[in-house]
Visitor: 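Okay, here's the structure, questions in a sec.
What you see is a predicted model; the values in this text were computed from it and never measured. Side chains included, hydrogens not; waters and symmetry mates left out as well; all remaining heavy atoms used.
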Amino acid sequence: MLNCDKMKHIKKHSIVLESGASVYIRFPKIEDADEYIRLNRASIKFYKGLIQPTLTKKSFSDYIERCKKDDFKGFFICLKDNDAIIGSINLSQIFYGGFKSAYMGYRIGAPFSGKGYMTEGMSLVLKYAFTKMKLHRLEANIQPGNTASIALVERLGFTKEGFSRRYLKVSGRWRDHERWAIISDDWRAE
């Protein structure tokens, strides 16, 4: 939890879901459009071939609408010091019932890469997913050449489960992906 001084600093309209040493996670809001689009535009070269960044108000508005659905949760990673949005993590195709599973996608802005913020932010989302949402399994599909992302999920306890040929179309090309997953039992053991 945040101390009182930090709570005063966080944007009045933000609800902190989980907090770590340097970052916290919260749900995105429509008012975040300009800041998030700026972050993505500043990171276009960094994201090239890996993700389709949100670059317009229309695509951000569509994202906010997806966040309102039962099968999708979006999280923003924000710096505790100044509330800056530095990345996002999404849980999609959320299934409850006997499956209790979701796919995890994530991105960090280029200026914030390599500083440990995504490791901390993702650990907060894992905690939220396994304790608050009561999910059993999260799966991340990662292009084999994305060594930083593979190192990230390995650090957090994910297990490589397989390889999917031409799994996802990114930047106009079907791309191979490795399938990594973590289950709640493994997360709790960490």
Visitor: Nearest 0.5 Å please: distance from the CZ atom of F158 over to the CD1 atom of I183.
Guide: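 If I round to the nearest 0.5 Å, the distance is 11.5 Å.
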Visitor: Could you give the distance from CG (D176) to OG (S164), rounded to the nearest 0.5 Å?
Guide: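 Rounded to the nearest 0.5 Å, the CG-OG separation comes to 8.5 Å.
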Visitor: Return the CD1 to CD1 distance between I89 and I77, rounded to the nearest 0.5 Å.
Guide: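 I89 atom CD1 to I77 atom CD1 measures 4.0 Å (nearest 0.5 Å).
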Visitor: Between S61 and K57 (side chain of the first, backbone of the second, donor and acceptor by atom type, cut-off under 3.5 Å), is there such a pair?
Guide: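 Such a contact is absent between S61 side chain and K57 backbone.
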Visitor: Restricting to non-hydrogen atoms, name the atom on L91 and the atom on A102 that form the minimum distance, rounded to 0.1 Å.
Guide: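 Minimum heavy-atom contact is CB-CB, 4.2 Å.
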Visitor: So does K68 pair up with E65, basic N to acidic O under 4.0 Å?
Guide: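 Salt bridge flag = yes for E65 with K68.
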Visitor: When you check the side-chain N and O atoms of Y106 and S149, is any donor under 3.5 Å from an acceptor?
Guide: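 Note: Y106 and S149 side chains meet the donor-acceptor criterion.
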Visitor: If we ignore hydrogens and angles and just use 3.5 Å, is the side chain of D186 paired with the main-chain N or O of I182 as donor and acceptor?
Guide: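 Side chain of D186 to backbone of I182: no pair is present.
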Visitor: Does a donor on one side chain and an acceptor on the other come within less than 3.5 Å for Y96 and S101?
Guide: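 Not at all, the side chains of Y96 and S101 share no donor-acceptor pair under 3.5 Å.
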Visitor: Check the pair F75 / L124 against side chain to side chain contact (heavy atoms under 4.5 Å, CB included), numbers first and verdict last.
Guide: CA-CA 10 Å; F75 303 88; L124 297 173; over 6 Å; no
Visitor: Find the distance between NZ (K58) and CG (D62) and round it off to the nearest 0.5 Å.
Guide: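 If we round to the nearest 0.5 Å, K58:NZ and D62:CG are 3.5 Å apart.
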Visitor: Does a side-chain heavy-atom distance below 4.5 Å link Y117 with S22?
Guide: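 A side-chain contact under 4.5 Å exists here.
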Visitor: Hydrogens and angles aside, do N90 and Y103 bring a side-chain donor and acceptor to less than 3.5 Å of each other?
Guide: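 Short answer, no.
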Visitor: Any donor-acceptor pair under 3.5 Å linking the side chain of S43 with the backbone of G109?
Guide: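 Here the side-chain-to-backbone pair does not exist.
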Visitor: One pair to check against side chain to side chain contact (heavy atoms under 4.5 Å, CB included): M104 and V125. What are the steps and the verdict?
Guide: CA-CA 10 Å; M104 178 180 268; V125 171; 3.9 Å; yes
Visitor: Could you give the distance from CD1 (I94) to CG (L138), rounded to the nearest 0.5 Å?
Guide: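 Separation between the atoms: 9.0 Å.
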Visitor: Less than 4.0 angstrom from a charged side-chain N to a carboxylate O is my criterion; do D185 and R188 meet it?
Guide: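 Judged by the 4.0 Å cut-off on N to carboxylate O distance, D185 and R188 do not form a salt bridge.
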Visitor: If you compare all heavy atoms of I150 against all heavy atoms of I142, which two are closest, and at what distance to 0.1 Å?
Guide: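 Closest approach of I150 to I142, heavy atoms only: CG1-CG2, 3.7 Å.
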Visitor: Considering only heavy atoms from C-beta outward, does the side chain of D71 approach that of S92 to under 4.5 Å?
Guide: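 Side-chain contact under 4.5 Å: no.
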Visitor: Within 45° of the ring axis of F76 and under 6.0 Å from its six-membered ring centre, is that where the NZ or CZ of R26 lies?
Guide: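 The answer is no; the distance or angle limit is not met.
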Visitor: Assign the ring pair Y63 / Y36 to parallel, tilted or perpendicular, where the plane angle (0 to 90°) is split at 30° and 60°.
Guide: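 Judged by the thresholds at 30° and 60°, the geometry between Y63 and Y36 is parallel.
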Visitor: For the pair K80 and E120, find out whether any cationic side-chain nitrogen is under 4.0 Å from an anionic carboxylate oxygen.
Guide: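 Result for this pair is no, no salt bridge flagged.
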Visitor: Parallel under 30°, tilted from 30 to 60°, perpendicular over 60°: which one fits the rings of W187 and F130?
Guide: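 Judged by the thresholds at 30° and 60°, the geometry between W187 and F130 is tilted.
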